[in-house]
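First the structure, in the form of structure tokens, and then the observations on it.
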Amino acid sequence: MPRRSQAQAQETRRDLLRRAVNLASAHGLEGLSIGGLASAASISKSGLFAHFGSKEELQLATVEAAAEVFRAQVPGSLTAPEAGLPHLAELAAAWLRYLESSPFRGGCFFAAASLEMDDRPGRVRDAVAARARQWQDLLEEAAAEAVDLGQLDPHPEGVASD
């Protein structure tokens, strides 16, 4: 049997990751396994293992694949937004469109993964937390811009500050 090309191997990996994100969104990252994904993709466990090497590597690649979809559909969908409050509003609207489009079978991958991995130590939890933090940082930057431009009150009445 001839060897597969590098391009074919990359396409197979992308397909496996699309399946993995959908499985993990529905069953959790801990529910994602080499055997379960191999069965869903109709390939051997050893074939799948060749792409990822371990369950943890599969989970990490799945988190990154979900992040790529999120970046493309939320911040990546913005078109040179106005600074400040319009930017913050556009980010929020893009996020709502992302949720409504439901790109993953189980709903918002990062909402579920953040809750699931919150109390578990390790690289997978750190990867989920880092991706969630990137989104939070983007929102905080837009809000700070709005405050700096006088478009948003930094201390609204009835809201406690840190």
Side-chain angles (χ1 to χ4, degrees), residues 6-7 9-33 37 51-162:
Q6 182 75 13
Q10 288 175 342
E11 182 55 38
T12 297
R13 183 179 168 92
R14 280 191 294 274
D15 178 60
L16 290 170
L17 286 171
R18 279 190 292 273
R19 291 172 187 267
V21 172
N22 277 309
L23 286 171
S25 73
H27 303 291
L29 279 165
E30 284 299 315
L32 180 63
S33 69
L37 182 57
H51 286 279
F52 301 103
S54 70
K55 179 177 178 173
E56 182 180 59
E57 292 303 321
L58 170 61
Q59 290 171 325
L60 290 167
T62 300
V63 169
E64 188 52 39
E68 288 174 18
V69 171
F70 182 84
R71 282 190 298 266
Q73 290 191 12
V74 181
S77 70
L78 306 183
T79 55
E82 242 183 273
L85 200 53
H87 185 202
L88 185 60
E90 192 170 350
L91 284 169
W95 182 66
L96 290 173
R97 284 191 303 274
Y98 164 81
L99 293 176
E100 288 171 348
S101 75
S102 194
F104 307 122
R105 186 173 83 196
C108 182
F109 179 90
F110 286 101
S114 293
L115 289 172
E116 175 189 10
M117 302 308 292
D118 184 51
D119 62 348
R120 296 184 178 145
R123 293 173 57 213
V124 177
R125 181 223 169 266
D126 293 347
V128 170
R131 298 307 171 268
R133 185 73 220 168
Q134 287 172 342
W135 173 238
Q136 189 173 348
D137 288 348
L138 190 59
L139 292 173
E140 288 175 1
E141 288 168 16
E145 255 179 359
V147 168
D148 290 346
L149 292 169
Q151 300 167 332
L152 195 59
D153 184 352
H155 303 289
E157 192 174 316
V159 176
S161 62
D162 293 337

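To the nearest 0.5 Å, the span separating CG on Leu91 from CG on Leu96 amounts to 11.0 Å. A distance of 12.5 Å separates CZ of Arg18 from CZ of Arg13, quoted to the nearest 0.5 Å. Rounding to the nearest 0.5 Å places CG of Leu23 at 11.5 Å from CG of Leu17. One distance of note links CG of Asp153 with NE2 of His155; it measures 7.5 Å at 0.5 Å rounding.
Two residues are said to be in side-chain contact when any heavy atoms from C-beta on lie closer than 4.5 Å; Leu60 and Phe52 fail this criterion. Using a 4.5 Å cut-off on side-chain heavy atoms (C-beta onward), Phe70 and Cys108 make no contact. Contact check for Leu58 versus Glu56: no side-chain heavy atoms found under the 4.5 Å cut-off. Side-chain contact between Leu139 and Trp95 is absent, with no heavy-atom pair separated by less than 4.5 Å.
Applying the salt bridge (Lys or Arg N to Asp or Glu O under 4.0 Å) test to residues at least two apart or on different chains, the pairs with a partner in residues 100-118 are Glu116-Arg120. Among residue pairs with one or both ends in residues 58-70, those qualifying as side chain to side chain donor-acceptor pair (under 3.5 Å) are Glu64-Arg71, Glu64-Arg131; sequence neighbours excluded. For the ring-ring contact (aromatic ring centres under 6.0 Å, His included) condition, no pair includes a residue of residues 109-128, sequence neighbours left out.
Phe104 meets the ring-ring contact (aromatic ring centres under 6.0 Å, His included) test with no other residue; sequence neighbours excluded. Contacts of Asp119 classified as salt bridge (Lys or Arg N to Asp or Glu O under 4.0 Å), with partners at least two apart in sequence or in another chain: none. Residues satisfying the side-chain hydrogen bond (donor to acceptor under 3.5 Å, both in side chains) criterion with Asp126, sequence neighbours excluded, are absent altogether. Residues forming a side-chain hydrogen bond (donor to acceptor under 3.5 Å, both in side chains) with Ser54 (at least two apart in sequence, or on another chain): none. Take Glu141 and apply the side-chain contact (heavy atoms from CB on, under 4.5 Å) test, not counting sequence neighbours, and it matches Asp137, Leu138. The side-chain contact (heavy atoms from CB on, under 4.5 Å) test applied to Ser102 returns no partner, not counting sequence neighbours.
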Task: Candidate pair Glu90 and Arg97, rule salt bridge (Lys or Arg N to Asp or Glu O under 4.0 Å), full reasoning - done: CA-CA 10 Å; Glu90 192 170 350; Arg97 284 191 303 274; 5.5 Å; no
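The shortest non-hydrogen separation linking Glu30 to Lys55 is O-NZ, 2.8 Å. Taking both residues in full, the closest heavy atoms of Ala66 and Val21 are given as N-CG2, 3.8 Å, listed atom of the first, atom of the second, then distance. Scanning all heavy atoms of the two residues, the minimum distance from Gly107 to Ser25 falls at O-CB, 4.2 Å.
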May I have the list of side-chain donor-acceptor pairs in residues 142-151 shorter than 3.5 Å, sequence neighbours left out?
unit_1	atom_1	unit_2	atom_2	d
Glu145	OE1	Gly84	N	3.1
Gln151	OE1	Leu85	N	2.6

